[in-house]
Amino acid sequence: MKKMLPESELARDERFVRTNIEDRIFDPRGPRIAQRDTGPARMGVDRPAAGERSRSLMHGIFVGEIQALEGAGRTCYDFDDEAAPFQLKLDMARQCWDESRHCEISVKLGDHMGTEIGEYTESTFLFAAACNPDPVLRLCGVNRALEGLAIDVFNSMKNFGNESGDPILEFCEDWMLADEVTHVKMGSDWLRRLTATDPERRERALEFQRTVDAIFNLGGFRGEDDENPIQLARDFRRLAGFTDDENDSLAALARESTEQAREMAEAATAALQTSAQGS
Amino acid sequence: MTETSKPRAPFTPWDRRELPGLFAVDESARRVGNYKWAEMRLFEVLGGWVATIPELDVKLVLGRHTYHHAWHSELWHKRLPELREMNPERLTVPPNDAFVTFMDAIREPEAPELTIEKLVGVYRVLIPRFIAAYTYHLNGTSTITDAPTIRSLKFALQDEFDDWRDGEMLLQALIDTPEKVERAGRRQVELEKLYLASGGIAGAGTLGEPVEEVRVS
């Protein structure tokens, strides 16, 4: 079997429907949806279509967990013992088990919430971050950026479970949240250990992490304002080893992304109106 | 009041452990190093395969088993210095080149249509041989002097039995036509011949013959 599997070769059964990030951003329905006044984007039980949004997010979590499992598995395989120390591979193998459980939990939660596998699309840019040929960059992209995002997502979903009176959702998200804190700590530890004598490599890894963070902030998905569906979980992030400076800069990045998304939506809306007047 | 000065036997009457065992320290360490090497190659490929397998149930089971074999390799890694091998990497080796060829063949399938070939290699060929090699070591080594290895062997064996059952049940669910029975059979024969040529996970003598019994005078 070859090393370094491209994301296009991820194996799925016929239920899964794959889309790419451009499809989502340039979905022609987006500007029309943006015109609707649906109130704050932050996940809340009183928000219109809260149930639908939470089911969609749960499906997103499920496919994200599959890709996280696949990414950790590939890190066990893609590197020789020189590039990736034995202990790092042990951590990745442990993560495989954790992500495998998260897939199982997510499937059961999907059933519980009334959705099914394949009801929503899958985009594979999470796995793309796990394809970096440098194990340090890969760990920074996956274990710090993406697993950090998972902390935010699970915390938001846990709160949603609490607010909506769904103890099963709250219970499961809390357990997954505990694992994600561990995964981020692994990423932070390995970043420190593998770049202890190579500051340039460390900076490259952190830059890659910022890039991945920026992609996942796209459209203001995550932040600290009511406009962000997913809220930054500062306390859990601190527990996982993120510094306050890192959390501050992530919040700033999120505000920037939200602003860009707003500008894009306004431009698209204006274009729609112009087009409607012309026809 | 308990009588504290009355002598008692060092072993309880039901403790039937005996000296000696089949293996000297060096031989036990050599085997443990071979086990670690094989478990490492196994957990790596299980992890690598997860992304190439479309069957969701198989994908998730392999994710779990990846950790089991990683943990076994960690148990052996920790045991090596206790067996006087202060550089565990020195003994983390395959027993011979033929065993490398065998493991390369186990790890070779990649395409998503080859789930049966992947599972047959692991669950019908390799894991039954782990069970055999570990059981031989467990039954042959000194129950007193090599007790820490025995404890690890028992943990590992419990996983191997459970994982073998998981894998065999997945295979029985996937093999649903006579053609697939033949595919699975061909793959098993091909791999068993390679395994035979290697002599086993710990080389010739994995299950006994060339090892001389160690006696305590």
Side-chain angles (χ1 to χ4, degrees), chain A residues 1-16 62-63 65-82 84-108 116-118 124 126-128 130-131, chain B residues 33 36-37 39-78 80 87-89 92-93 103-115 117-118 121-122 159 163 166 174:
Chain A
M1 179 167 58
K2 66 173 170 284
K3 306 280 183 183
M4 309 296 168
L5 191 82
E7 59 179 300
S8 59
E9 291 185 27
L10 288 178
R12 294 285 183 274
D13 68 41
E14 64 187 19
R15 288 170 295 183
F16 291 81
F62 164 62
V63 293
E65 295 295 353
I66 295 179
Q67 291 171 45
L69 161 62
E70 294 169 326
R74 291 307 299 190
T75 303
C76 291
Y77 181 78
D78 284 344
F79 304 107
D80 60 23
D81 300 346
E82 198 101 326
F86 175 58
Q87 296 292 343
L88 184 153
K89 289 188 182 182
L90 294 182
D91 278 350
M92 290 299 104
R94 171 58 199 231
Q95 194 170 328
C96 281
W97 184 25
D98 296 345
E99 306 297 6
S100 181
R101 286 198 316 282
H102 293 182
C103 292
E104 294 167 347
I105 294 166
S106 304
V107 169
K108 286 195 182 288
E116 60 187 32
I117 295 170
T124 52
L126 191 155
F127 185 81
C131 291
Chain B
K36 182 190 159 196
W37 187 89
E39 292 277 17
M40 282 178 70
R41 301 292 85 84
L42 177 55
F43 92 72
E44 289 166 356
V45 78
L46 288 176
W49 273 340
V50 167
T52 71
I53 287 179
E55 296 88 354
L56 195 51
D57 50 354
V58 181
K59 195 185 276 288
L60 301 187
V61 167
L62 259 52
R64 182 167 74 238
H65 290 189
T66 299
Y67 176 64
H68 292 174
H69 297 287
W71 185 62
H72 302 165
S73 66
E74 188 180 22
L75 289 175
W76 301 136
H77 179 77
K78 287 178 174 169
L80 282 170
N87 174 13
E89 308 316 319
T92 306
V93 289
M103 282 305 292
D104 286 348
I106 290 269
R107 287 157 53 108
E108 195 256 334
E110 174 179 320
E113 311 81 51
L114 298 180
T115 301
E117 281 73 8
K118 292 167 187 166
V122 172
D159 281 342
D163 293 0
D166 284 345
L174 289 170

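By convention in this document, chain letters (A, B, ...) are assigned in the order of the sequence lines, proteins followed by strands, and residues within each chain are numbered from 1. Note that the structure is predicted; figures quoted are calculated from it, not measured.
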Exercise: identify the closest heavy-atom pair between B:Leu62 and B:Thr66: O-OG1, 2.7 Å
Option that, when pairs with chain A are counted at under 4.5 Å, heavy atom only, ranks first among B:Glu55, B:Glu89, B:His77: B:His77
Contacting moiety of A:Leu10, where chain B heavy atoms sit under 4.5 Å: both
Heavy-atom side-chain contact between B:Leu80 and B:Trp76 under 4.5 Å: no
salt_bridge(A:Glu104, B:Arg64) N-O dist < 4.0 Å: yes
Interface residue of largest heavy-atom contact number with chain A, from B:Ser73, B:Pro112, B:Gly48, B:Gly47, under 4.5 Å: B:Gly48
Salt-bridge present (B:Arg41, B:Asp104; N to O < 4.0 Å): no
Proximal component of B:Ile53, with respect to chain A [non-hydrogen, under 4.5 Å]: backbone
Engaged part of A:Arg101 at the chain B interface, taking heavy atoms whose separation is under 4.5 Å: neither
Interface moiety of B:Thr92 toward chain A, non-hydrogen atoms closer than 4.5 Å: neither
When A:Arg12, A:Arg94, A:Lys3 are compared by non-hydrogen pairs under 4.5 Å with chain B, the top option: A:Arg94
Side chain / backbone / both / neither for B:Lys36 at chain A, heavy atoms under 4.5 Å: side chain
Per-residue contact mode, A:Gln87 against chain B (heavy atom under 4.5 angstrom): side chain
Chain B contact via A:Phe79 - which portion, at a heavy-atom distance below 4.5 Å: neither
Heavy-atom donor-acceptor pair, A:Lys89 side chain to B:Phe43 backbone, under 3.5 Å: no
Whether A:Glu99 side chain and A:Leu69 backbone form a donor-acceptor pair below 3.5 Å: no
Minimum side-chain heavy-atom gap A:Phe86-A:Asp81 below 4.5 Å: no
